[in-house]
*Asks:* 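Would you mind keeping the following structure in view while I ask a few things?
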Amino acid sequence: MNRPALLVPLLVSIALLASSCNEPSGRPTLLLDRGWEFRWVSEGKWRPASVPGCVHTDLLAAGIIGDPFFGTNESGLQWIENVDWEYRTVFDAPPEFLARERVEIEFEGLDTYADVYLNGVLVLRADNMFREWRVPCKRILRERGNELRVYFHSPVAAVEPAWDALGCELPGGPRVLTRKAAYHYGWDWAPRFVTSGIWRPVRLRAWNAARIADFRIVQKSLGEKTAELAAVFEVEASAPGKAFLSVRRDGRIVASVFAILAPGTNVATVDFTIPEPRLWWPNGLGASELYDVSGEIRSGDLILDVAEKRIGLRTVELVRERDEAGESFYFRVNGVPVFMKGANFVPMDSFIPRVTDDHYESLVAAAAGAGMNMLRVWGGGVYESELFYDLCDEYGILVWQDFMFACAMYPGDEAFLANVREEAAGVVRRLRNHPCLALWCGNNEIDEGWHRWGWQRQYGYSAADSARIWEDYVRLFHELLPGVVAELDPETAYWPSSPRHGRGDPRSLTEGDSHYWGVWHDGEPFEAFLEKVPQFMSEFGFQSFPSMATIEGFAPPEARRIDSPEMLAHQKHPRGNEIIDRYLKMYYREPRDFESFVYVSQLLQAEGMKTAIEAHRRAKPRCMGSLFWQLDDCWPAASWSSIDYEGEPKALLYFAADAFSEALVSPVIENDTVRVYVVSDRQEAFDARLSLRLLDFRGNVVWESSRRLNIRENSSRPVFADGLSRVLAGENPRRVVLSAELFGAEGVVSRNLLYFAPPRELDLPKTQFVWTGIEPAGRSGTGVMIVSFQSDVLVKNVCLSAPG
Ligand code: BMA
């Protein structure tokens with residue numbers, strides 16, 4: 001048994017040897033992020049590598065390949081997926097590690113078919129990008145010169161025999177056999193880069209007697225006066241023994257139990273309370289309060305291990321009840337029905353390891369800044385990093401978490417299911433303590449795909465094939481995954497597939513969540529959004545191009561036109577440009593040049609999404625959610641995103657911020673009647689003033705009206721209605737705009753404009769505006785500038801940007 005005195009020299013020696021992070025636990029940890037090299041196995045030459053990292057970015061850093069995102073480079077880099085790669089490093093194990101009873105190597109993520117050798121001994125065969133692996137290595141480890149080698153088999157070649165042996169093809173293709181991010185294989189917004197690598201950190205860890213294998217806080221009850229909680233310790237012990245398990249809050253021990261440990265896994269519960277609990281609220285409804293709680297295991301005075309969690313006290317329920325319309329689908333948070341405002345999240349890079357902490361923070365902050373309170377982590381990407389969920393906890397963004405299955409049918413053999421069971425159990429245990437976690441969802445669009453996309457005909461399935469493939473589906477999404485959630489996270493709801501019904505099935509508008517793609521895929525006009533309002537819209541979207549600065553990063557000057565090979569390579573939807581063009585002609589005049597086209601594509605997208613979001617919010621409480629497709633991008637390209645790969649917000653993000661405002665004034669024309677709605681997500685009623693003005697484009701007020709209102713909490717209702725011709729008061733609809741403003745005690749709460757003709761038909765006067773930019777006094781050199789504009793006429797949709 002170690003004595004505390006050993007701990008001090010141990011800390012010092014590890015710090016000198018590698019970039020170790022020694023936790024307060026007395027469980028030495030050595031981060032293995034140094035000295036890595038990689039090679040293309042059949043070429044043989046070793047070159048420096050990054051861990052965490054992946055083959056593509058290592059090849060780029062070594063100067064072997066050009067930027068995979070530049071020009072048409074993608075097509076020339078497809079060979080990388082077909083060959084094997086190898087990584088290695090050499091490290092010393094400090095004697096303190098070797099002195100422990102147990103020493104393990106922990107891999108947070110291996111992508112994907114990886115054979116791991118330590119000092120020449122095969123210690124692991126990994127086959128799932130989404131799992132974490134712990135490899136005992138005490139007997140193989142030596143003090144100096146340990147060689148850790150990871151051999152990656154081509155993920156494409158690896159599944160060929162199994163694919164050929166399948167009785168019939170599965171929609172999705174061979175990728176469905178591999179537990180790896182689906183978007184790596186290409187998507188309608190993603191390039192194909194089927195990479196390999198050690199994509200998450202690797203650590204050497206050691207312990208004596210016992211370690212905390214899992215630490216979970218269960219909320220038993222949440223009252224106004226007290227929160228009753230249980231800390232559930234899962235302890236792995238190497239031998240029979242006794243231990244103290246304690247819970248600390250803000251550093252102070254608040255409860256302990258004495259436990260008798262048997263060798264192997266032990267579960268022990270320590271009850272504790274938090275008096276005067278401060279609740280965790282989603283963004284916009286209150287503070288997202290967090291508490292630091294840690295669990296420790298001690299033997300006498302010696303701390304054997306410590307686990308830390310940041311928790312939030314809240315309840316989240318998915319409410320599905322029969323109602324007049326069909327079956328509801330909404331979230332009740334702390335007893336309050338909350339309208340979900342947000343977007344679908346996709347991985348932020350084709351090469352995830354290079355996404356920095358700052359990138360994560362700026363993206364989640366941007367989502368919160370746009371008024372969002374929910375992100376859906378879509379099932380064709382990855383289970384995100386801890387940091388992502390930590391940020392969602394902090395910013396009050398609820399997470400709808402898909403399991404990683406999308407738009408395909410998956411096999412149902414025992415080995416596959418066992419692999420998925422481990423994956424699901426690992427991720428549920430990892431994420432279940434995050435207050436942001438709102439829902440587990442089995443998959444993206446597979447139920448819809450099976451029933452409505454014609455797969456059964458397309459693949460020529462016999463009745464027996466169909467029955468077997470559907471049985472496999474049921475085992476996975478109606479038995480295995482809900483079983484894992486019920487066992488490990490019974491507090492969180494499980495939803496088998498998003499959407500509940502495919503579009504085309506009338507129930508898609510009356511039951512559960514809905515993906516409405518009549519706009520875009522079916523070419524319906526944006527106005528269709530006014531009618532197609534479901535109970536909860538979990539996907540709808542429209543593409544646009546990224547900012548010019550972003551385009552300049554991948555397209556050389558001569559390629560900056562819509563039909564250049566470089567631009568076409570950055571449009572992954574087969575009909576994408578054609579669809580954008582069709583809608584553009586519906587609403588806008590022909591843009592005069594490429595740069596205008598790029599900008600107008602963003603306005604078009606923003607207007608379409610605004611139309612939808614406001615329609616969803618006006619329909620509250622029948623409709624209780626609006627998550628557009630898609631928040632972000634994994635590379636610089638045309639896509640449905642609101643923020644491009646370089647982090648540049650598109651017009652959509654600004655429009656969404658207005659449309660998601662906690663109180664919204666929303667004017668709309670419904671059957672020749674102009675109605676103005678006020679939608680409020682506030683939990684208290686408030687006094688407001690509505691100001692309506694009909695303005696011509698030179699700023700003359702045709703008429704105005706103002707009225708006092710009391711806005712009810714959590715509501716939507718029309719507060720003004722009049723016939724279209726009376727509102728227009730004889731003016732030419734192409735030359736006027738209705739300005740609606742809602743004022744509360746704090747000033748303007750929401751501002752909106754209603755035009756009476758599409759932009760194409762507006763009689764916009766030639767604009768001549770002047771602007772000045774000044775650095776405010778005392779802030780010169782800080783990058784802050786106050787810009788003012790002045791114009792005699794309406795200037796519609798001004799974009800302000802500054803290089804860099
Ligand atoms: C939805 C998503 C994605 C896709 C998007 C745009 O169906 O789930 O699969 O990228 O539409 O087509």
Side-chain angles (χ1 to χ4, degrees), residues 171-173 175-176 181-192 342-348 350 374-382 400-410 439 441-455 477 495-505 508 512-524 529 532 534 536-545 570-580 582-583 601 605 608-609 612 625-635 637-645 650 652:
R175 73 155 167 95
V176 302
Y183 82 110
H184 281 175
Y185 297 81
W187 215 263
D188 57 6
W189 41 267
R192 181 178 174 114
N344 286 267
F345 171 90
V346 300
M348 294 163 69
S350 290
M374 178 174 267
L375 293 175
R376 170 172 175 239
V377 177
W378 169 78
V382 301
W400 166 319
Q401 179 67 52
D402 282 2
F403 284 99
M404 292 302 129
F405 300 90
C407 305
M409 298 307 287
Y410 290 83
L439 182 71
C441 174
N443 67 68
N444 176 71
E445 293 185 346
I446 300 185
D447 192 309
E448 160 170 10
W450 182 254
H451 290 109
R452 306 203 64 82
W453 293 355
W455 282 339
F477 299 108
W495 184 241
S497 185
S498 180
R500 174 70 189 87
H501 300 287
R503 74 177 184 284
D505 183 330
S508 67
D513 70 320
S514 182
H515 294 185
Y516 183 65
W517 285 101
V519 171
W520 183 263
H521 288 296
D522 300 344
E524 290 171 20
F529 282 132
K532 303 291 166 99
F536 190 108
M537 190 73 104
S538 41
E539 272 189 27
F540 61 103
F542 195 87
Q543 275 201 355
S544 69
F545 281 82
H570 288 74
Q571 165 57 281
K572 292 300 180 189
H573 190 274
R575 291 181 297 123
N577 290 349
E578 182 194 319
I579 298 176
I580 295 176
R582 187 133 48 81
Y583 279 81
S601 79
Q605 174 195 37
M609 297 299 94
S626 186
L627 311 180
F628 65 76
W629 182 266
Q630 62 197 76
L631 179 70
D632 58 314
D633 272 327
C634 71
W635 80 316
S639 88
W640 295 263
S641 70
S642 65
I643 302 175
D644 74 24
Y645 173 74
K650 294 180 176 177
L652 168 55

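What you are looking at is a predicted structure, and each value in this text was computed from that prediction instead of being measured. One-based numbering, in listed order, for ligands and for the atoms of each.
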*Asks:* Show your reasoning for whether side-chain hydrogen bond (donor to acceptor under 3.5 Å, both in side chains) applies to D513 and W495.
*Replies:* CA-CA 10 Å; D513 70 320; W495 184 241; 2.8 Å; yes

*Asks:* Please identify each residue that fulfils side chain to side chain contact (heavy atoms under 4.5 Å, CB included) with A181, with sequence neighbours left out.
*Replies:*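 A181 satisfies side chain to side chain contact (heavy atoms under 4.5 Å, CB included) with M129, Y183, H184, V382 only.
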
*Asks:* Please confirm whether the backbone N or O of V346 pairs with a side-chain atom of D632, one donor and one acceptor, at under 3.5 Å?
*Replies:*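 Flag set: sc D632 to bb V346 pair under 3.5 Å.
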
*Asks:* Go through the steps for V519 and F542 under the test side chain to side chain contact (heavy atoms under 4.5 Å, CB included), then give the verdict.
*Replies:* CA-CA 8 Å; V519 171; F542 195 87; 4.3 Å; yes

*Asks:* Compile the protein residues with any heavy atom at a distance under 4.0 Å from an atom of ligand 1; present them by chain, then by number.
*Replies:*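 Contacting ligand 1 under 4.0 Å are W187, D188, W189, W378, C407, N444, E445, W517, H521, E539, W629, W640.
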
*Asks:* Among all residues two or more places apart in sequence or in another chain, which pass the side chain to side chain contact (heavy atoms under 4.5 Å, CB included) test with S641?
*Replies:*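 With neighbours one apart ignored, the set is Q630, D633, S639, K650.
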
*Asks:* Salt bridge (charged side-chain N to carboxylate O under 4.0 Å, His left out) with D402: which residues, sequence neighbours excluded?
*Replies:*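 By the salt bridge (charged side-chain N to carboxylate O under 4.0 Å, His left out) rule, D402 matches R376.
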
